[in-house]
Participant: 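One structure, as structure tokens, below. Some questions next.
The residues of the chain are indexed from 1 along the displayed sequence.
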Amino acid sequence: LTLVTCREPTEPQLPLAGPLLSAAAEAGWTRTAEGSAGHFFHGAALGSDGRIYVMGGWTTSSTQTAVAEAYDPATDTWTSLAPLPQARYGLTAAVRPSDHHVLVFGGAALGVSSLLSTVLEYDPDANQWNPVSTQPNPRLYASAVTGPDGRIYVMGGLLPGIGITPTAQVYDPVANTWASIANMLIGLENFGLAAGPDGRLYVVGGVSNTSNPTAVQAYDPATNSWAFVQPMPSPRRAPAAATGMDGRIYVMGGYDGNT
């Protein structure tokens, strides 16, 4: 796994593939150290220690992996962590606000029929994974984000016997309870999810039952309601999304069906 960092963020509306790399190079991208293993359909989250935690997914040899590792931007180094108790791919991860430990949700061992409901917590002091909860209706290729209320929102994905789902859930790490929230306006899998500075959670890109939509959906935890906002210029399957220090949401990479 290779990370790339950018010294000077450019406008988020960049084209895919080659043009993205070209524009990024002009803005000052730097290739970082490589991890011990390639990952895709994996989980990733930023820990309180400033390290980026990466776990699970598929390897470059197309096998599921339990490998977990952490990247330290300050030293440009990777550290191997205790592996997940079980290999899983299509998982998602978020950070628990109380102690900033990374939590892992969903994913599967072998396919949709083998979805994993155990929520795992990584304890960096003990270097071990601990089960902390059981997720109702675990899902594959969902996305998770920590909301402004300290709860963790898990949205969309694939459910066995149903396929792509618009359903969404919220996990309260303090009470250790789950609840259903309003359905997404469009059910998606393999999409980006980021918390905006206005308290809303933004869903970008992904795959629906009919297309790769350009629609952007915003969820308001205060009112438990969804709304469409400004669509993206082009569709993107499996993009990455993150909120920058300037309050803007950056959408990177992905697949538009052509490039």
Side-chain angles (χ1 to χ4, degrees), residues 1-6 14-18 20-21 24 29 31-47 51-73 78-95 102-116 120 122 129 138-145 154-159 163-164 188-194 203-208 212 234-242 250-259:
L1 182 69
T2 301
L3 295 179
V4 180
T5 61
C6 182
L14 292 173
L16 300 174
L20 174 60
L21 295 176
W29 288 91
R31 184 175 295 275
T32 65
E34 294 191 4
S36 64
H39 299 257
F40 64 100
F41 294 144
H42 55 281
L46 176 64
R51 297 193 298 173
I52 300 169
Y53 291 80
V54 180
M55 70 293 297
W58 288 83
T59 68
T60 52
S61 59
S62 296
T63 57
Q64 300 91 339
T65 182
V67 169
E69 48 193 339
Y71 173 73
D72 187 341
W78 288 87
T79 301
S80 295
L81 309 176
L84 295 166
Q86 182 177 9
R88 61 169 78 186
Y89 72 97
L91 62 156
T92 186
V95 172
V102 174
L103 302 182
V104 166
F105 303 88
L110 295 172
V112 177
S113 61
S114 61
L115 292 179
L116 301 172
L120 298 172
Y122 177 71
W129 294 91
R139 47 200 66 205
L140 185 68
Y141 303 134
S143 291
V145 68
V154 183
M155 303 173 176
L158 291 173
L159 292 176
I164 297 175
L188 297 168
E189 50 107 345
N190 276 316
F191 56 94
L193 178 61
V203 170
V204 295
V207 181
S208 72
N212 297 343
S234 60
R236 297 184 180 219
R237 176 178 180 174
Y250 290 80
V251 182
M252 297 155 280
Y255 174 68
D256 67 357
N258 298 304
T259 56

Participant: Using side-chain contact (heavy atoms from CB on, under 4.5 Å) as the criterion, list what pairs up with P85, not counting sequence neighbours.
Facilitator: L120, W129
Participant: Might you point out which heavy atoms bring G205 and P239 nearest each other, and give the distance in Å?
Facilitator: CA-CG, 4.3 Å
Participant: I need the L188 CG to N212 CG distance, nearest 0.5 Å.
Facilitator: 9.5 Å
Participant: With sequence neighbours left out, write down each residue that passes side-chain hydrogen bond (donor to acceptor under 3.5 Å, both in side chains) with T65, or none if nothing qualifies.
Facilitator: none
Participant: How many angstroms lie between atom CG of L116 and atom CD of Q86, to the nearest 0.5 angstrom?
Facilitator: 5.0 Å
Participant: side-chain contact (heavy atoms from CB on, under 4.5 Å) with I164: which residues, sequence neighbours excluded?
Facilitator: L158, E189, V207, N209
Participant: Looking at side-chain heavy atoms only, is the closest gap between W58 and H39 below 4.5 Å?
Facilitator: no
Participant: Between A142 and M155, what is the shortest heavy-atom contact and its length?
Facilitator: CB-O, 3.2 Å
Participant: Please evaluate residues R236 and Y255 with respect to the criterion side-chain contact (heavy atoms from CB on, under 4.5 Å), reporting the C-alpha separation (whole Å), side-chain torsions for both, the decisive distance (0.1 Å), and the verdict.
Facilitator: CA-CA 5 Å; R236 297 184 180 219; Y255 174 68; over 6 Å; no
Participant: Quick one: side-chain hydrogen bond (donor to acceptor under 3.5 Å, both in side chains) partners of R51, sequence neighbours excluded?
Facilitator: D49, Y53
Participant: Compare all side-chain heavy atoms of F41 with those of N190 and state whether any distance is below 4.5 angstrom.
Facilitator: yes
Participant: To the nearest 0.5 Å, how far apart are CD1 in I52 and CH2 in W78?
Facilitator: 7.0 Å
Participant: Measure the spacing between CG of L91 and OG of S143 and express it to the nearest 0.5 Å.
Facilitator: 10.5 Å
Participant: Please enumerate all residues that pass side-chain contact (heavy atoms from CB on, under 4.5 Å) together with A45, with sequence neighbours excluded.
Facilitator: A93, V95, V102
Participant: Quick one: pull up OH in Y141 and OG1 in T92 and give me the separation to the nearest 0.5 Å.
Facilitator: 13.0 Å
Participant: Under the rule for side-chain contact (heavy atoms from CB on, under 4.5 Å), what residues qualify as partners of A108, not counting sequence neighbours?
Facilitator: Y89, S114, L115, L140
Participant: Taking G106's backbone N and O only, do any of them form a donor-acceptor pair with R88's side chain (distance below 3.5 Å, no angle check)?
Facilitator: yes
Participant: Minimum heavy-atom separation for A82 and A68, please, with both atom names.
Facilitator: O-CB, 3.6 Å
Participant: Check whether any side-chain N or O of E69 sits under 3.5 Å from a backbone N or O of G35 as a donor-acceptor pair, and report yes or no.
Facilitator: no
